[in-house]
Amino acid sequence: MTNLISDLNIQQQQAVMSGLGPILVLAGPGSGKTRVLTRRVAYLISTMGVNPFQILAVTFTNKAAREMESRVLELIKNVPQGLSMGTFHSICARILRRESKYLPIQSNFVIFDQDDQVRLVKKILKDQNIDEKRFQPNSVHSAISKAKNDLLLVDSFPVNSYRDEVIKRVYQHYQEALYVNNAVDFDDLLLWTAYLLEEHSDIKEKYARRYEHVLVDEFQDTNIAQYEILKNITSFHHNLFVVGDADQSIYRWRGADYRNVIRFEKDFPDTQVILLEHNYRSTQNILDVATSVINKNPYRVPKILFTDRGQGEKVSVYEALNDRIEADFIVETIVNIVAKRKAEAGDFAIMYRTNAQSRLIEEAFLGRGLPYRLIGAQRFYGRREIKDMIAFLRLVHNPNDEVSLSRIINVPPRKIGNKTMIDLHTVAQNAKIPMGLLLQKIAENPNSGFYEVFSNRSITALEPFGRLLSSWISLRDASAPLELIDRIITDIDFHNYIDDGTEEGLGKWENVMEFRRLAAEFKDEDLTTFLEQIALVSDQDTLREDTNIPTLLTLHAAKGLEFPIVMITGLNEGTLPHNRSFDEPEEMMEERRLFYVGITRAQDQLYLIYSQERSAYGFSEPTEPSRFLYDIPAELLSNLNRSSYHNIGQGSSKKSKWQSNNKRKDLEINKTKEQKYLPGTMVEHPHWGEGLVLNSRFDDGDEIVDIFFKGVGQKKVATSLANLVITKSNLK
DNA sequence: AGTCATTCCTTTTTT
DNA sequence: AGGAATGACT
């Protein structure tokens, strides 16, 4: 037993060995929370004698689940069987397949990804003659998704405006379409599971009794549906062990609510709270930078991050002329450091706010002929040729799936156009059978009088495809996914169709081959498992650590990871923070947390990079450095523009913005005594009423304050102009 | 039905 | 700038 805890600190040990009941571990970045979770599972099995079958561990990615499982195996000699591990979505999918008889869908349902979901919304908008300009498919879909994450079914969807009314109508049709296609979307996985547990006491009892211990990682990013599932699934044993950090909550837009962390203590009054603050990842300088950034967020429980790794190097700041030079600087810097053998290529991670930013960086790498690794499974599976392959498989797996059917019925072109599709749809509807089945019937007996509505031309086009589909379906249950894929590729001569001899065509074919390689790993699994896994892959799941090359990833994808050297790029107003967060304080707070997550990924060195100009939509425009940079004390930073990097860009002679900002910063530090409106101060404004000071700085001798007014939002106020009255001072 | 040109839209973030 | 969607033409 000692080997399970002997290398842990007191708080970690306390967490691992804590008793029964609800336990909330508030874990700062790099504080070893994954370790604690793993040890806790091992401890429960080996010391407390808990049957692995009765343990459920929810992780944020499937990769994390696999890793945790294999570490538990290492820790315990006798191999534990029956552990339930995975993401909320994959665990729910498993439950739903098992309990499908209670649902309006069958157990071989397909899981629609984002793309399919929006596509379906779009189709419904068209069918319903709703103006796509006023009701953009994306925003309608996200409204539906949001409702689902809040556990609102169609009937309870609140209507306060005409817009709501329209969305409700689309929601209704959308949901019906899912049933017809025997499909669920991501949100349904959670929604249906929550519903089953809530409405069917026997199911709730079954799972609540089974899962004696439930452990949850990244608890700050759970949404209402997930929280309800947890409450019900632990309702028998009450052993809920959650780990999270409200400062690292970055999925608000997906319905996640970091306030679940606070709610937890309220809902479970006997909760034991354990705080992990000791950081084992970063140098103190990096932690101090992180703290200075996150401290500007209001309404949070302050944490003190400390390490015994020493002060470390200062955090580097670089101002590039534009985003292209930014990318060059990144690659150049990596090349130099690797050449000096101070680090290996694989030590570097480059992080950015939006996927679009990766392009220039990729080009910089390619220009030098250097390899890199791009994280982003969505992007791979989103490629047209891959989506087509998946659509073929889905159709074979579930012939009811009309979304997939209409996607590929004419791929490659086989003379089935709009007209034929409409006919097919009408006949299928009249016969009350799915189009997939109708196709097979046509193949069986093309001359049946039943099909006379079709023109000869249609029938001759449809019949061969129906035969193909039938032959694939007969292959389905007996063979591995790879065999089916190869058969489809051959039957439709996909290679010839995809690879048209151009470079682009070759690239596409290589993607197909990559997909094939991926499928080869599922040789012992059935098609259902394969399709489910690729529907629920997270970006991180594709991360392979076996090659020693730099990693490119979004800040969101960086969650939970760590790298010796981290470069955060695009630290400009409008990019980070993203301009869509400007008029919503909650969003702005999340941008800050996102930056915080990025900073705290770094172990040894951190680079903060921004540009004077950035290009968007093809045009280059001047941009300001990110407001977050102003929150970092100058003494923690080292400015690279002043020293050895004059050769990059021509900005050396010019006074950099950053230098002037630093001066401003110094000014602010010197004038601290005169600063009247410290963050946390409550003030009264003649027009907007009472507000909370978020931050304050000096500009040209005037104190500029960001204030959050209740019911009004965040406002920037110059104190010399506004008549502010301090109602509650924050001075100690 | 398929091909080509033009327009239009995009950029948050992802299970 | 680049890719997708629409529309005219063959």
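Note that the coordinates shown come from a computational prediction; the quantities given were computed from them, not determined experimentally. Numbered from 1 within each chain, the chains take letters A, B, ... in sequence-line order.
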Look at the side chain of [X] and decide which nucleotide, out of [options], has an atom nearest to it.
X         : options                   : answer
Tyr617(A) : dA1(B), dT15(B), dT11(B)  : dT11(B)
Ala356(A) : dT14(B), dT11(B), dT15(B) : dT11(B)
Asn410(A) : dG2(B), dT15(B), dA1(B)   : dG2(B)
Pro413(A) : dT11(B), dT14(B), dG2(B)  : dG2(B)

How many Å lie between [atom1] on [X] and [atom2] on [N], as a whole number?
X         : N       : atom1 : atom2 : result
Phe582(A) : dT11(B) : CZ    : P     : 18 Å
His89(A)  : dT14(B) : NE2   : P     : 14 Å
His141(A) : dT14(B) : NE2   : P     : 15 Å
Phe619(A) : dC9(B)  : CZ    : C1'   : 13 Å
Asn579(A) : dT13(B) : CG    : P     : 12 Å
Phe60(A)  : dT15(B) : CZ    : P     : 8 Å

Rounding to the closest angstrom, what is the interatomic distance between dA4(C) and dT13(B) at atom P? 16 Å

Using side chain to side chain contact (heavy atoms under 4.5 Å, CB included) as the criterion, list what pairs up with Arg163(A), not counting sequence neighbours. Phe135(A), Ser139(A), Ser161(A), Ile167(A)

With sugar-phosphate taken as primed atoms, P, OP1 and OP2 and all else as base, the protein-contact string of nucleotides 2-10 of chain C at under 4.0 Å (heavy atoms; B, S, -) is S---S----

Identify whether the distance between the nearest side-chain nitrogen and carboxylate oxygen of Arg593(A) and Glu590(A) falls below 4.0 Å. yes

With a 4.0 Å cut-off, would you call Arg394(A) and Asp116(A) a salt bridge? yes

Which residue, Asn138(A) or Ala535(A), contacts DNA chain B at a nucleotide closer to its 5' end, judged by nearest heavy atom? Asn138(A)

Using heavy atoms to find the nearest nucleotide of DNA chain B for Val537(A) and Lys419(A) separately, return the residue whose nucleotide is more 5′. Lys419(A)

When you measure from the side chain of Asp323(A) to the backbone of Ser615(A), do you find a donor-acceptor pair of N or O atoms at a distance under 3.5 Å? yes

Is the aromatic ring centre of Trp253(A) closer than 5.5 Å to the centre of the six-membered base ring of dT13(B), with the two planes inclined by less than 30°? yes

When all nucleic acid strands are considered with a 4.0 Å heavy-atom cut-off, which category describes [X]: base, sugar-phosphate, or nothing?
X         : value
Arg414(A) : sugar-phosphate
Asn355(A) : sugar-phosphate
Thr575(A) : nothing

Checking Asp188(A), Val118(A), Val184(A), Asp401(A) against Phe112(A) for side chain to side chain contact (heavy atoms under 4.5 Å, CB included), the one that qualifies is Asp401(A)

Could you report the tightest heavy-atom contact between Lys148(A) and Leu191(A), atom names first, then the distance? O-CD1, 3.7 Å

Carefully, step by step, assess Met421(A) and Asn410(A) under the rule side chain to side chain contact (heavy atoms under 4.5 Å, CB included). CA-CA 10 Å; Met421(A) 276 307 281; Asn410(A) 205 30; over 6 Å; no

Please confirm whether the shortest side-chain N or O distance from Thr554(A) to OP1 or OP2 of dT14(B) is below 4.0 Å. yes

Return the set of residues passing salt bridge (Lys or Arg N to Asp or Glu O under 4.0 Å) with Arg119(A) (not counting sequence neighbours), or none when no residue passes. Asp115(A)

